[in-house]
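Presented below is the structure to which this report refers.
Remember, it's 1-based here, ligands and their atoms both numbered in the order they're listed.
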Amino acid sequence: MTIQTLNDSFGIDKHIHFHLGRGDLPVAMLENKFGTATVCLCGAQVLSYEPTNHDPVIWVSRYTNYGEGKVIRGGIPVIFPWFGPHPTDDEKYAHGFARRQLWDVKKTEQDDDGRTRITMTLHDNDTTRAVWPHAFELCLTVTLGEKLNVSMAYKNLGTESFTVTDALHTYFPVADSTKIKVRGLENVHYLDQLDGFKRKYRPNPIGIWEEVDRIYINSEEQCDIVDPVKGRTIHVAKSGSRSTVVWNPWVDKAARMTDLGDEEYWEFICVESGNVKQNAITLAPNESHETRQTIWIT
Ligand code: TA6
């Protein structure tokens, strides 16, 4: 669909406008009294969220690539239908295919209370079926209101059950990652991706002084990213999600990543809401699941 057709079909005066962003990727701009957000139709990936009179609450690397099929380093990557390496084939993309596909716009809405919403869809196609032989509908809905609400809903359209691990892989900006604390996961068991997925737990809020890559399991807690330098807290609540992943690459991994600046590990923390490892979701034909993340600041 051309930008003109997108605006003719789904644009909403003063609230939703489509344009070609970096890499000539189609991007929806949502704006209302609560703030602004942008969503790239490649990957249905939120690229920005800025509440009125506040600094951005979503982070994107200055070094990221932009282009259809490429991973954008930042925002809210939609991880589906597998989190991490492919369960059986290392040759296949990490973190699934959804963030690399061009999605369709299903509908756009402007509520009477001022909230603005866009719903995008992805269905199975030759590319997806080549790596994951299942029929599905995947919807991503972004609602810009007093909070930012992001919902990933998927349905099994096939004749056999399938199992998914999913995540809304959100990158949050911080002034200095070594000064923040992530609260809410104290005493929750996690699998340490940096130590053979050993099951551990810590009684204190998470601090960053080394690479952190943890999958908190059976966790439905709200997380609060306390940023003393910025003088604010980013709140991350969720539903339909029993896993929370917390990740910062720190020095060595940041240096190895070509789409991340060596120094950018200072600037962000990932707190991801999803269903990973033993929290995987199995759907019988016609069953569906929704993973939802709600973000706001105080
Ligand atoms: O969610 C944490 C993680 O799995 C890390 O291990 C790191 O690989 C990160 O995701 C980024 O993965 P990506 O495939 O986007 O490079």
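Cation-pi geometry between R100 and Y93 is satisfied (NZ or CZ under 6.0 Å from the ring centre, within 45° of the ring normal). Relative to the six-membered ring of F197, K277 meets both conditions, a distance below 6.0 Å and an angle of at most 45° to the axis.
The salt bridge (charged side-chain N to carboxylate O under 4.0 Å, His left out) test with E220 is passed by exactly one of R242, K238, R292: R242.
The side-chain heavy atoms of L168 and E272, taken from C-beta on, include no pair separated by under 4.5 Å.
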Steps toward side chain to side chain donor-acceptor pair (under 3.5 Å) verdict (D224, T233):
CA-CA 6 Å; D224 298 325; T233 296; over 6 Å; no
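For ligand 1, the protein residues placed under 4.0 Å by at least one non-hydrogen atom are R73, F83, H95, R99, H169, Q193, D213, V245, W247, K253, E272.
Cluster note: I72 groups with L25, L47, V60, Y66 through ILVMFWY side-chain heavy atoms spaced under 4.5 Å, whether in direct contact or through intervening members.
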